[in-house]
Number of protein chains: 2
Amino acid sequence: MVTDSSVTTIRQTATSLDFLFRPRGIAVIGASSGQTRLGSQVLANLLEAGYPGHIAAIGPAASSVAGVPAYPSLDAVPGPVELLVLALPAPATAEMADAIRARASRRRDLKAVVAIGGGFAETETAEGRTWQQSLAAACQESGVRLVGPNSAGVIDNKNRVDTTVFAGVHRRPGGVSLLSESGSLGEWVALELSAQPLPIGLNKFVHLGNMADVALTEMIDYLGRDASTRAVGLCLEGNAPPLALLEAAGRTAEHKPVMVLQADRNGSGGALQQYGLIRSKRVDEFAMTLSAFARLPLPLGGRVALLTNAGGPGRYAQNCLSDRGLDLASFSASTRAMLAATLPPFAGTGHPDGPVDMTGDVAPRQVAQCVATALRDPGVDAVFHLFIPSRFATADEMARELLLLLPGLKRHSLDKPYFPVLLAGHAVAGARRLLEENGVPTFGSPDLAAAALSAMVRYSLDRQPPAVAVPADGN
Amino acid sequence: MVTDSSVTTIRQTATSLDFLFRPRGIAVIGASSGQTRLGSQVLANLLEAGYPGHIAAIGPAASSVAGVPAYPSLDAVPGPVELLVLALPAPATAEMADAIRARASRRRDLKAVVAIGGGFAETETAEGRTWQQSLAAACQESGVRLVGPNSAGVIDNKNRVDTTVFAGVHRRPGGVSLLSESGSLGEWVALELSAQPLPIGLNKFVHLGNMADVALTEMIDYLGRDASTRAVGLCLEGNAPPLALLEAAGRTAEHKPVMVLQADRNGSGGALQQYGLIRSKRVDEFAMTLSAFARLPLPLGGRVALLTNAGGPGRYAQNCLSDRGLDLASFSASTRAMLAATLPPFAGTGHPDGPVDMTGDVAPRQVAQCVATALRDPGVDAVFHLFIPSRFATADEMARELLLLLPGLKRHSLDKPYFPVLLAGHAVAGARRLLEENGVPTFGSPDLAAAALSAMVRYSLDRQPPAVAVPADGN
């Protein structure tokens, strides 16, 4: 037991991972010309992100790199350096071990290193392993946390930190955090979040590389405790995650959703499910489901109101829902009456006859009214609303009417998710941006929206107390 | 047998459907202000499409509508009117029956009517059925073909005809023709084709509405004979297509691919497969598979070379392929040697060890060389190339290198499909456009590319002669 408690002590006293995400002062080594392109991409990302703290470049024979003040050594950087980005190939890091020790002991400001160069243990050579051990030892002795080596970097959009080597990942903060075992799989997901009409807000992105110090388990615990992270996306290489990782992810999943994407996606999902983790087999579904979890209230059940202004796509959407085990809600008599009063006589007013087919003749105001009516019905857990532009309702008009009605609904505390699915592509991009900018998440396909909704329903039902709840005071 | 042969005779002498797609002169009735918005959308579409023939509007009390010369009656239009677009609600069409008879008998120019107004038999009222019968009878007696009523219209991008009520469908001609039983499902697919970095070329779009005259079976036969249609997309409402339709689609499928999308997508696919039709369950897969069929050579088999510059996404892609029953190709010794000579020492050179992992360090020229090497291997039926931008290769650089190498390959008659899959979104949109503009179809996700490739492999294998071919002269 002595061993166990000592391990716990070390954990508890270890330098916080906070310094990776909101350091006072960042230095980048390896951004000078003639070196790898890694460092210059990091520097460009920090500048583009608008990092508000002090940035320094470290490199030979230049007073500035890309407009950033440059110094000949880590020791020579005057301001605080809480985070050092090491953008050097393995052989060039040997002499940095001493520099890290020196900075940490003399200035006591250095708290974290992100090592993004390659050539370490991942090469499976004795040399590579030695370089990695030497770097890790220097950090450990100095109380400095090490991400990497061979990491693709770290992003915190809220704190405007981007130490990654990626280009094209957006800067919009939000509730989704990504933790990736594979740098390129994580990058792909981050680019997928970026590629929406309005990018899906990214909170943090972490690729841990060779994990010489910070490993997946510690980082997922950290993201679990991170208040601004509302949903965690875990991108794994293999199909058999180690037990410690499953347990850590399971702990987080008790209070916030953890989605798992596996590069080897055909592995068994059984273990994941056992720990309350949600598996996604497609990158597009993974991205949109994370977005839904981060931004929408959880449904209390699986009774879905399906509204459509187009028969064929409505039937297609109904298939998407039933494929995912979701059923159409039965409306109350007053809901049916209100729908009938709002819609043309030949419209459909819902289950059991099918979806609410508002018909292609419906005007934008009536569309919004039907959405509001469905949201108000206590027998409805979620509203799934399919829209295709028609000659009577452009997407922009419909979006504006929704934005007039939805805020009023919020005051009525209608805490259930609304899934507007706008078909298709360029024709509705402006309307989707308008809704998103006003806090209404949108979807581009019923397949993706149904995947997101069904994941939310399962997550919600799994976490609901048994029908007879025990009062909090134990009586 | 008398009945049968007489039916055949009528068919053969019926006015050609060509007049729907390349009429000399189009008149639109119902585009004046105060009427439905249908006609003005049609007029706007015809103008935007750049229809080169004579356009006339028919309506009361105006000398022009939207800049188009207007006349008080069909009879009064001076130029040839081979196609009449009837954008009127059912009650207003009653008096058009005589006008159609009169124009057809006196001027002998009217050959086809597209009736896009509603209120006919689809209302399931006696009145609606009467109006439809009256319109259909006038057309039939006059030798005029009728599309509709309650049609969403017809598009021919090559001939710059667009009589639809849609907005946002692109104008780029190509090899894909869509025939839709559901107007809105067809519109969705057309918008999906439009929403790519470069729109997927659309040949013809047809929605037949209530099918009082031209029905799905005749139209699919027409598209089967249409030389410029390379792939047919059939969008169906229900899940039990009638036998005559299956037979007609099957006839077309003997010489060009016919894909089927069903709004009720969970119906049995067995009947479709029996007639050689290819079912798609998702709109995105349907669109990208049609695109592949229309633009890529058919693979002779299912041996796929998988190339990637990113490990995780490469493994994901390998899963996409194996999910669809596709295997990795075994390379020849010379292919392996060339790949090894081109790539860094730690790169993977293919099956059985996995995909060709070119690594993130590979330069654009080497990427293109590896693609060329894989295409040249006689043991490879298709090349599946996953690319994510890296610090050593932007998507634009890679696209340019491919365009330098691929034309040279064409001269060597390497008639096999190449699937470049560029991840992701905005970051690669420019490169995808560049490749597409130069005749190289691209894909945005390995899921969609694998769906397309597997459909092509199945179609190709189903149509190959038995292993021992009988010589053409029967010896």
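Sequence lines set the chain letters: A, B, ... in the order given, protein chains first and strands last, and positions in each chain run from 1. This one's a predicted model, so the numbers in the text were calculated from it and none came from an experiment.
Contacts between A:Ser182 and chain B at a heavy-atom distance below 4.5 Å involve the side chain alone, from C-beta outward. In this structure, the portion of A:Gln196 lying under 4.5 Å from any heavy atom of chain B is its backbone and not its side chain. Residue contact with chain B, scored on non-hydrogen atoms closer than 4.5 Å, is absent for A:Ser180. Of the atoms belonging to B:Ser390, not a single heavy atom falls under 4.5 Å from chain A. Neither the backbone nor the side chain of A:Val169 comes within contact range of chain B; no heavy atoms are under 4.5 Å apart. For A:Asp284, the part lying under 4.5 angstrom from a heavy atom of chain B is the side chain only.
Options B:Leu236, B:Asp323, B:Val189 differ in how many heavy-atom pairs under 4.5 Å they form with chain A, and the most are formed by B:Asp323. Counting heavy-atom pairs closer than 4.5 Å to chain B, the top residue among A:Glu187, A:Gln41, A:Glu192 is A:Glu187. Of the listed residues (A:His170, A:Arg282, A:Arg315, A:Gln318), the one with the most heavy-atom contacts under 4.5 Å to chain B is A:Arg282. Looking only at heavy-atom pairs under 4.5 Å with chain B, the residue among A:Leu185, A:Asn309, A:Leu261 that has the most is A:Leu185. For the set B:Gly425, B:Ala424, B:Ala429, B:Gly168, the entry with the most heavy-atom pairs within less than 4.5 Å of chain A is B:Ala424. Most heavy-atom pairs under 4.5 Å with chain B, from the set A:Thr394, A:Leu191, A:Leu423, A:Val428: that is A:Leu423.
For the side-chain contact (heavy atoms from CB on, under 4.5 Å) test with A:Ile116, the passing option among A:Thr163, A:Leu88, A:Asn150, A:Val165 is A:Val165; the others fail.
Proximity of a side-chain donor or acceptor of A:Glu237 to a complementary backbone N or O of A:Ala263 within less than 3.5 Å is not detected. Using modelled atom types, no side-chain atom of A:Thr289 and backbone atom of A:Phe286 make a donor-acceptor pair closer than 3.5 Å. Not a single donor-acceptor pair under 3.5 Å links the side chain of B:Asp447 to the backbone N or O of B:Cys320. At distances below 3.5 Å, not a single donor-acceptor pair connects side-chain atoms of A:Ser291 with backbone N or O atoms of A:Ala287.
Between the side chains of B:Asp162 and B:Thr164, at least one donor N or O sits under 3.5 Å from an acceptor N or O. A:Asn45 and A:Arg171 are linked by a side-chain donor-acceptor pair at a separation below 3.5 angstrom, with hydrogens and angles left out of the test.
The two residues B:Leu328 and B:Pro355 have their closest heavy-atom pair at CD1-N, 4.0 Å.
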